[in-house]
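In what follows, every chain begins at residue 1, and chains take the letters A, B, ... in the order their sequences are listed.
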2 protein chains.
Amino acid sequence: MGSTPTPRPMRADARRNYERIVEVAREVFREHGPEAPLDDVARRACVGPGTLYRHFPNREELIAAVYRADLEALADQAYDLAERLEPGEALTEWLRVQVGFALHKRGLAAKLKAAMDRDAEGFALCKTKLNEAAATLVKAAQDAGAIRQDVRPRDLQLMAHGIGVATEATPDAAERLLTVMLDGLRPQ
Amino acid sequence: MGSTPTPRPMRADARRNYERIVEVAREVFREHGPEAPLDDVARRACVGPGTLYRHFPNREELIAAVYRADLEALADQAYDLAERLEPGEALTEWLRVQVGFALHKRGLAAKLKAAMDRDAEGFALCKTKLNEAAATLVKAAQDAGAIRQDVRPRDLQLMAHGIGVATEATPDAAERLLTVMLDGLRPQ
DNA sequence: ACCTGAACACCGTTCAAGT
DNA sequence: ACCTGAACACCGTTCAAGT
């Protein structure tokens with residue numbers, strides 16, 4: 001399988017560069033969207049373009065590095081919500097959070113999903129975490145009779161993503177779409 | 001307002017070029033997706049890149065020219081369905097068609113929506129047509145009590161778009177998402 | 001080993017010259 | 001008026017030289 005053979009340690013200066021690049025990339029993506037020139041990232045991180053490409057062979061890998069942490073936080077939140085709220089509410093809240101995440105991100109959500117669908121290396125682990133989190137919430141909600149049986153965890157993520165990207169330009173519609181979707185999720 | 005002052009007639013050879021470019025662009029976009037090099041389009045249409053840019057100052061305008069007809073057909077279908085089916089069914093069918101349109105298009109749907117949101121000149125008219133078609137179907141369905149009152153025509157288009165782009169890579173999920181959405185649309 | 005930055009390739013865009 | 005295609009600018013990517 002294409003599993004990483006040995007995640008060999010990094011030399012101190014290499015690690016420093018790696019981390020500065022990720023940090024700078026986050027800023028640049030926020031300022032200029034996910035299509036911002038990678039040369040700008042390299043320049044602002046004070047490294048040559050070659051260094052950037054050594055660490056991140058393509059744009060998707062850099063995006064992965066930047067947003068991995070956010071996605072893992074999203075997975076963690078699922079378990080938090082599961083502890084604090086009843087199953088139906090927990091799932092509802094989580095979907096709300098996911099839509100919020102997709103919103104206001106200047107086309108980033110779409111790029112993120114594309115990268116995850118294409119199995120960008122850097123996403124392998126956090127993709128699993130997200131899937132497991134979704135499965136946990138959905139199963140609990142189904143067992144509690146809060147949502148219908150004929151949806152899969154994946155469906156919920158897709159819906160949240162769809163609503164997020166669709167309403168990116170008109171966030172006021174997001175709430176109405178969520179309402180419809182949540183009503184549709186109730187046992188019919 | 002920024003309305004076109006006079007859509008001056010085109011010389012015969014200019015019109016020929018214009019139409020060949022649109023035709024070729026449709027093929028190229030289908031083959032290589034909506035990011036295909038415009039130079040390829042120009043080359044295959046046997047015109048210089050300058051000619052292409054004269055007619056279509058940017059990629060979005062070319063995309064508009066290519067898909068305008070499809071979108072107007074989509075609007076026409078709405079009225080067809082409204083005649084042949086009862087209001088609820090007509091709306092359902094139309095949403096299904098819209099999702100199908102967004103599907104299998106290699107990221108085109110997202111580009112299309114972006115272009116329409118940004119009000120690309122070429123879309124001005126067919127955008128209105130689509131909005132009117134959606135308004136007609138939604139009003140009829142609401143008057144018939146087939147769907148809830150608290151959704152707007154725009155919401156339905158956004159949902160269809162969202163489902164389409166979200167399930168582009170996994171079309172089998174589209175059906176399940178549509179079911180949830182349609183159930184959520186019923187008067188609660 | 002890793003970094004650097006010049007060099008290359010590609011593609012969108014412009015514009016002077018031609019018809 | 002419109003078309004042509006060379007030229008330019010921009011940006012992703014590679015690689016030889018340096019540390």
When you compare the protein's N or O atoms with those of nucleotides 15-19 of chain C, which come within less than 3.5 Å of each other, and at what distance?
none

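- Salt bridge A:D40/A:R43: present, at least one basic N to carboxylate O contact under 4.0 Å.
- Under the salt bridge (charged side-chain N to carboxylate O under 4.0 Å, His left out) criterion, A:R84 pairs with no residue at all, not counting sequence neighbours.
- For the pair A:A134 and A:Q157, the tightest heavy-atom approach, listed with the atom from each and the gap, is CB-OE1, 3.7 Å.
- Atom CG of A:N17 and atom P of C:dA1 are 18 Å apart (whole Å).
- The strand DNA chain C forms stems, runs of 3 or more Watson-Crick or G-U wobble pairs with distances below 3.5 Å, at C:4-8 with D:12-16, C:12-16 with D:4-8.
- Atom-to-atom distance recorded for A:D155:CG and B:T167:OG1 is 10.0 Å, nearest 0.5 angstrom.
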Please set out all donor-acceptor pairs under 3.5 angstrom arising from side-chain atoms of residues 28-36 of chain B, sequence neighbours excluded.
| residue | atom | partner | partner atom | Å |
| --- | --- | --- | --- | --- |
| B:E31 | OE1 | B:R44 | NH1 | 3.3 |
| B:E31 | OE2 | B:R44 | NH2 | 3.3 |
| B:E35 | OE2 | B:K111 | NZ | 3.4 |

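- Across the protein-nucleic acid pair, B:R15 atom CZ and D:dA1 atom P stand 18 Å apart, rounded to whole Å.
- Summarising the geometry, the separation between CZ on A:R59 and C1' on D:dG12 is reported as 9 Å, rounded to the nearest angstrom.
- Rounded to a whole Å, the CD atom of A:E19 is 15 Å from the P atom of C:dC2.
- Between A:E175 and A:I163 the shortest side-chain heavy-atom distance does not fall below 4.5 Å.
- Closest to the side chain of B:D39, out of D:dC11, C:dG12, D:dT4, is C:dG12.
- When the nucleotides D:dG12, D:dC3, C:dC11 are ranked by their closest atom to the side chain of B:H55, D:dC3 comes out on top.
- Sorted by first and then second residue, the salt bridge (charged side-chain N to carboxylate O under 4.0 Å, His left out) pairs involving residues 156-168 of chain A (not counting sequence neighbours) form an empty list.
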Begin with the C-alpha distance, continue with both residues' side-chain angles, and end with the deciding distance and a verdict on ring-ring contact (aromatic ring centres under 6.0 Å, His included) for A:Y67 and A:F123.
CA-CA 9 Å; A:Y67 293 101; A:F123 277 133; 8.5 Å; no
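- For the pair B:Y53 OH and D:dG5 P, the computed distance is 17 Å after rounding to whole Å.
- Atom P of nucleotide D:dG12 and atom CD of B:E35 are separated by 13 Å, given to the nearest angstrom.
- Connectivity analysis of hydrophobic side chains (ILVMFWY, heavy atoms under 4.5 Å, direct or indirect) links B:V165 to A:V165.
- Rounded to whole Å, atom P of C:dC3 lies 6 Å from atom CG of A:D13.
- A:Y18 has its OH atom 17 Å from the C1' atom of C:dC3, to the nearest Å.
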